[in-house]
Amino acid sequence: MALKLFDLHCDTLTECFRTGKSLIRNDLHLDIRRGLGFERWVQCFAVWIPDEVRGDEAVSLFEGAADLLEREAARCPALRLIRSSADLDALRPGECGAVLTVESGAAAAGSLERLSGMVRRGVRMMTLTWNGENELGGGVRAPGPLTPFGREAVREMERLGVIIDLSHASERLFYAVAEETSGPLAASHSDARALCPHPRNLTDEQFCLIRDRGGLVGLNFAPPFLSKGKARRGDVWRHAEHFLALGGENVLAMGSDFDGTDLPEDLRGVGDMEALCEDFLRHGCPEDVVRRIFFENAYNFFHSL
Ligand SMILES: [Zn+2]
């Protein structure tokens with residue numbers, strides 16, 4: 001089966017910005033060159049704002065990484081920025097459609113104007129927090145509430161059609177946002193807490209809430225989220241199988257976390273995505289469900305924004 005891939009989260013852009021490496025060809029988990037054989041490929045590139053970076057420094061980190069993505073797209077015809085559903089329609093085999101996303105709303109530095117500026121630059125999805133606390137609320141390691149600014153920000157994100165990403169949110173923040181909003185919610189890179197009790201993973205109740213709201217959950221390849229023991233590529237299927245049993249066939253997607261984490265030794269980067277897809281088929285996952293998880297659910301969701 002020729003692979004169509006839509007991956008909701010990687011940190012490769014931030015890593016390239018930090019190290020000066022090329023997004024097109026590098027020795028990281030992902031580069032553009034390695035995915036060009038896919039039948040279709042849409043990749044979300046997150047700008048990650050670490051918890052010690054705030055204010056103007058967070059703004060310039062966002063702007064610098066967004067500039068880098070634009071520069072790389074300008075010099076590589078196979079790398080196309082995706083800002084609209086028309087851009088998605090125009091994507092062809094042998095191209096990478098790049099979606100700009102943000103990991104931690106600290107990138108907005110507490111300003112709704114900054115937030116709309118980020119959207120004008122192409123941001124389509126944003127996690128409210130990383131692990132700590134920021135202007136919007138608390139992450140998994142600092143479970144503060146949804147702040148008054150956070151409340152305004154999620155309303156503005158809904159108005160602007162930016163996907164509210166609740167990966168990294170504390171449970172308290174997760175439910176506060178669910179109450180504050182009515183549209184679909186996403187968790188771009190989180191696994192099942194029922195299988196691996198890590199605070200970054202989703203409880204069944206959280207998953208079902210996202211399912212009922214017509215949202216998306218991306219499967220994360222980080223070993224500490226996949227397994228309490230030594231994680232293998234096959235663990236990704238275990239988490240998928242669990243979520244499928246909760247009625248997740250229209251919810252699940254990929255959320256690799258490439259270049260934001262270590263990886264299982266048999267899942268070394270984007271070059272192993274075809275092998276992961278084969279695993280799902282070998283475990284008896286029907287081909288149409290595999291297509292939905294690897295591509296269609298996320299594609300349809302982004303297309304409908
Ligand atoms: Zn993350």
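Counting starts at 1 for both ligands and their atoms, following the listed order. Any value given below was found using the heavy atoms of this structure, including those in side chains, with hydrogens, waters and symmetry copies removed.
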_So for atom CD, which belongs to Glu113, do other residues, nucleotides or ligands contribute more than 12 heavy atoms lying within a distance under 6.0 Å?_
no

*Within a strict 4.5 Å, meaning less than it, do heavy atoms of the Cys96 and Val42 side chains meet?*
no

*Can you name the N/O/S atom of His189 that is nearest the Zn ion (ligand 1)?*
NE2

*Any chance the rings of Phe243 and Phe207 have centres within less than 6.0 Å?*
yes

*With a cut-off of 2.8 Å, does His168 place any N/O/S atom under that distance from the Zn ion (ligand 1)?*
yes

*Examine Glu103 and say whether one of its N/O/S atoms is closer to the Zn ion (ligand 1) than 2.8 Å.*
yes

*asked:* Under the criterion side chain to side chain donor-acceptor pair (under 3.5 Å), I'd like the reasoning laid out for Ser227 against Arg232: C-alpha separation, chi angles, the key distance, then a yes or no.
replied: CA-CA 8 Å; Ser227 169; Arg232 310 281 302 177; over 6 Å; no

